[in-house]
Participant: 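First the structure, which I've put down as structure tokens, then a few questions once you've had a look.
Since the model is a prediction, treat every value here as computed from it, not as a measurement. The figures here come from the full heavy-atom set of this structure, side chains too, leaving out hydrogens, waters and symmetry mates.
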Amino acid sequence: MEYITEMLKGVLEGCVLEIISRGETYGYEITQQLRKLGFTDVVEGTVYTITMRLEKNNLVDIEKKPSTMGPPRKFYTLNAAGQEHLEVFWRKWEFVSSKINELKLK
């Protein structure tokens, strides 16, 4: 889908949090899951920036594990603060999407 980059900026962090909430994962795997969902323009650098922000804001727990291909990987899991942040994200998303749909149908 073209020209959705600007729209994604506000919601991609919530999408990454949701992916992390489903189980321990790492940056490349998150990027692949987003692409499978259809966000084909999302690049690893974007996901890296988001995971760094999540880390800085103490929303995820991190464990470094050896990788067979290069340096150790950071594996992310959602902590209690991250879970709370994700719940707030979904409440905001429900509000915004319902109002946009309401506007569209009027």
Participant: Counting only heavy atoms not in F89, do more than 12 fall under 6.0 Å of its CZ?
Facilitator: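 Count over threshold, so yes.
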
Participant: Does the side chain of H85 reach to within under 4.5 Å of the side chain of E13, using non-hydrogen atoms?
Facilitator: yes

Participant: Show your reasoning for whether side chain to side chain donor-acceptor pair (under 3.5 Å) applies to E94 and S98.
Facilitator: CA-CA 6 Å; E94 289 298 326; S98 71; over 6 Å; no

Participant: To the closest 0.5 Å, what do you measure between CG (N79) and CD1 (I62)?
Facilitator: 9.5 Å

Participant: Regarding K74 and E55, does a basic nitrogen lie under 4.0 Å from an acidic carboxylate oxygen?
Facilitator: yes

Participant: Measuring from atom OG1 of T77 to atom CD1 of I20, what distance do you get when rounded to the nearest 0.5 angstrom?
Facilitator: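 If I round to the nearest 0.5 Å, the distance is 8.5 Å.
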
Participant: About how many Å separate OG1 of T25 and CD1 of I30, when rounded to the nearest 0.5 Å?
Facilitator: 4.5 Å

Participant: Distance check, rounded to the nearest 0.5 Å: Q33 atom CD versus I19 atom CD1?
Facilitator: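 Between Q33 CD and I19 CD1, I get 5.0 Å after rounding to 0.5 Å.
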
Participant: About how many Å separate CG of L54 and OG1 of T49, when rounded to the nearest 0.5 Å?
Facilitator: 11.0 Å

Participant: Identify, with sequence neighbours excluded, every residue that meets side chain to side chain contact (heavy atoms under 4.5 Å, CB included) alongside K92.
Facilitator: V88

Participant: Around atom CH2 of W90, are there more than 12 heavy atoms from other residues, nucleotides or ligands closer than 6.0 Å?
Facilitator: yes

Participant: When you look at CD of E18, are more than 12 heavy atoms from neighbouring residues, nucleotides or ligands closer to it than 6.0 Å?
Facilitator: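 Yes - once you tally the heavy atoms of other residues, nucleotides and ligands closer than 6.0 Å, there are more than 12.
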
Participant: List the atom pairs, donor and acceptor, that lie under 3.5 Å between side-chain atoms in residues 99-106 and the rest of the protein, sequence neighbours left out.
Facilitator:
{"unit_1": "N101", "atom_1": "ND2", "unit_2": "S97", "atom_2": "O", "d": "3.3"}

Participant: Tell me if a side-chain donor or acceptor on R35 pairs with a main-chain N or O of V42 at a distance below 3.5 Å.
Facilitator: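 Pair found, side chain donor or acceptor close to backbone of V42.
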
Participant: Can you get from W93 to L86 by hopping between Ile, Leu, Val, Met, Phe, Trp and Tyr side chains that sit under 4.5 Å apart?
Facilitator: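 Same cluster: W93 reaches L86 through Ile, Leu, Val, Met, Phe, Trp or Tyr contacts under 4.5 Å.
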
Participant: Picking from T31, I50, V11, what satisfies side-chain contact (heavy atoms from CB on, under 4.5 Å) with V16?
Facilitator: I50

Participant: Can you sort out the partners of K56 under side chain to side chain donor-acceptor pair (under 3.5 Å), two or more places apart, ordered by chain and number?
Facilitator: none

